[in-house]
Amino acid sequence: MSPPKKPKTSGFLSWYFRVNLLKRILTGLVLGAVCGCVLGAFPQAAALFVDNARIFGDLFIRLLKMIVVPVILFSLVTGAASISPSQLGRVGLKTLLYYFATSVISVAIALALANLLRPGQNMGIAGDAAVKGTEAHAPPLSQILLEIVPTNPAESLARGDVLPIIFFALVFGIALAVVRDSKDGKVAAAADRLFELCSICAETMYKVVGGIMQYAPVGVFVLIAVVFAQQGPKAVGSLLFVTLTVYVSLAVHLVVGYGGMLRVISKLSFVKFVKGAYAASLTAFVTRSSNGTLPVTMRVCEDKMGVPRSVSSFTLPVGATINMDGTAIYLAVCAMFIGFATGQPLTLNQQLTVMITATLASVGTAGVPGAGAIMLLMVLESIDLPVTAGSSVAAAYAMILGIDSLLDMGRTCMNVTGDMAGAVIVSKSERVLDEGKWSSAVIPGP
Ligand code: ASP
């Protein structure tokens, strides 16, 4: 999936499009914060601003919500259908098991740390209107689990019920993968065409996301200005704190999760792994794209860490598509932040739901910059904290969106590092890892 191209730069708004999108969003965030703080000192002007400018923020929220269901549907179908059952030998199953286990561990670490650090607590972001999510209380876990299976997928799609949509998309994608593998050439070719259709739909939706993001600086500016007009400068501290919580969770997962697995399962040095992996990890950090980093990830794994082509050619491309531990951590911490910030801390059941949705959402997240932020909408929907125009949840979501690039760097770096750890662990367990590359005191640099 290619990242959205820059729009044409001639014409009336060319100055706007000429500036890098990240810079524009960050400018929207900073200007919104400054305007909000200034307005906060003049309550009447602040009320006038909120009344008149709100529509521009609401428009942004509506645009984002418009694309959630199609993005989940097409990207999950494509992700699941891209794993060919014929490739699913022992290596494939080990890889999928590793990906699933590390995603669950990463969300558990993120939830534990977010409970401990409580980012966003006492912010008390208020919505302009009665917030739909405020009164929400999660149903019992058994009910949540049962309702994951839709009785009518079309109804779930129409109502935007996230978990049933995910379930249906995965079932459909897996079945499509099986049909693509059919011995009947005609059936397999037709299934391939359907796969291509779904994947082009996913690609098209990401183009739409790219277009909507061109409006993000305006939306973020208005939404942040409203938050700061109500909160004052103390909101800055909360944003720094949620960033810190995400990065601490990433670091713990890196050291305890990957480090522990490499040590315990593979008897390999974590320090040597980090030294070997850094070129790809760093590329992921700066490009914010697992897909874009894939060539570097493959080269690093083969050349520096002795992963054979037979393993890397399956584990790494599949990993770049469905294994996103960093994104799972980000989703869990941000859902907790939004709960705390809006005065609706997540209950145990809601946190269990986050565990399921963040793990699955990470499967459906495309390896392109900013994709995780769209999935956050879906995780929030699943715990009854919908991002509705004018709500406190929308304001808290906008704050997260304002610092998304900062969070995206860390999570993409972890996504790619996790793929490499998986490739190494699976190769070692298959006894095909070239350990000569590990035996020197330091793995050779790039
Ligand atoms: N940028 C991430 C990646 O490419 C996906 C995300 O936005 O979470 O891995």
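For this chain, numbers begin at 1 and follow the sequence in order. In listed order, ligands and their atoms are each counted from 1.
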**OP:** Check ligand 1 against Gly367 and write out every atom of the ligand that is under 4.0 Å from a heavy-atom position of the residue.
**Re:** 3 (C), 4 (O)
Original post:
Between Ala320 and ligand 1, which part of the residue brings a heavy atom under 4.0 Å of the ligand: side chain, backbone, both or neither?
Top reply: neither
Original post:
What are the atoms of ligand 1, with element, lying closer than 4.0 Å to any heavy atom of Ala366?
Top reply: 5 (C)
**OP:** State whether a side-chain donor-acceptor pair under 3.5 Å links Thr347 with Gln350.
**Re:** yes
Original post:
More than 12 foreign heavy atoms under 6.0 Å from CG of Leu197: is that the case here?
Top reply: yes
Original post:
Can you find a pair of side-chain heavy atoms, one from Met409 and one from Arg288, that are under 4.5 Å apart?
Top reply: yes
**OP:** Can you sort out which atoms of ligand 1 are near Ser290, meaning under 4.0 Å from one of its heavy atoms?
**Re:** 3 (C), 4 (O), 9 (O)
**OP:** Report, in ascending order of atom number, the atoms of ligand 1 lying under 4.0 Å from any heavy atom of Gly372.
**Re:** 6 (C), 7 (O), 8 (O)
Subject >> Backbone or side-chain N or O of Ala371 under 3.5 Å from ligand 1 N or O >> reply: yes
Subject >> Atoms of ligand 1, numbered as shown, that sit under 4.0 Å from any heavy atom of Gly370 >> reply: 7 (O)
**OP:** Between Val368 and ligand 1, find which residue part has any heavy-atom pair under 4.0 Å and reply side chain, backbone, both or neither.
**Re:** backbone
Original post:
Passes salt bridge (Lys or Arg N to Asp or Glu O under 4.0 Å), Asp404 versus Arg411? Steps please.
Top reply: CA-CA 10 Å; Asp404 187 59; Arg411 66 182 189 249; 3.1 Å; yes
**OP:** Might you work through the side-chain contact (heavy atoms from CB on, under 4.5 Å) test for Phe167 and Val171, ending with a clear yes or no?
**Re:** CA-CA 6 Å; Phe167 182 86; Val171 169; 3.7 Å; yes
Original post:
Heavy-atom contact under 4.0 Å between Ala373 and ligand 1?
Top reply: no
Subject >> atom 1 (N) of ligand 1 [closest protein heavy-atom partner, distance rounded to 0.1 Å] >> reply: Asp408 OD1, 2.8 Å
**OP:** Go through ligand 1 atom by atom and flag the ones less than 4.0 Å from a non-hydrogen atom of Thr327.
**Re:** 5 (C), 6 (C), 8 (O)
**OP:** Answer with yes or no whether the side chains of Thr353 and Ser382 bring together a donor and an acceptor at under 3.5 Å.
**Re:** no
Original post:
Can you list the ligand 1 atoms lying under 4.0 Å from a non-hydrogen atom of Met324?
Top reply: 9 (O)
Subject >> Whether Phe168 and Phe172 hold their rings parallel, tilted or perpendicular, with breakpoints at 30° and 60° >> reply: tilted
Subject >> Residue pair Cys334 / Leu407: nearest heavy atoms and the distance that separates them >> reply: SG-CD1, 4.3 Å
**OP:** Could you find the nearest protein heavy atom to atom 2 (C) of ligand 1 and give me its residue, atom name and distance?
**Re:** Thr412 OG1, 3.2 Å
Subject >> Polar contact flag, side-chain donor to acceptor under 3.5 angstrom, Thr293-Thr287 >> reply: yes
Subject >> Numbered atoms of ligand 1 (with element) below 4.0 Å of Arg288, judged on heavy atoms >> reply: 1 (N), 4 (O)
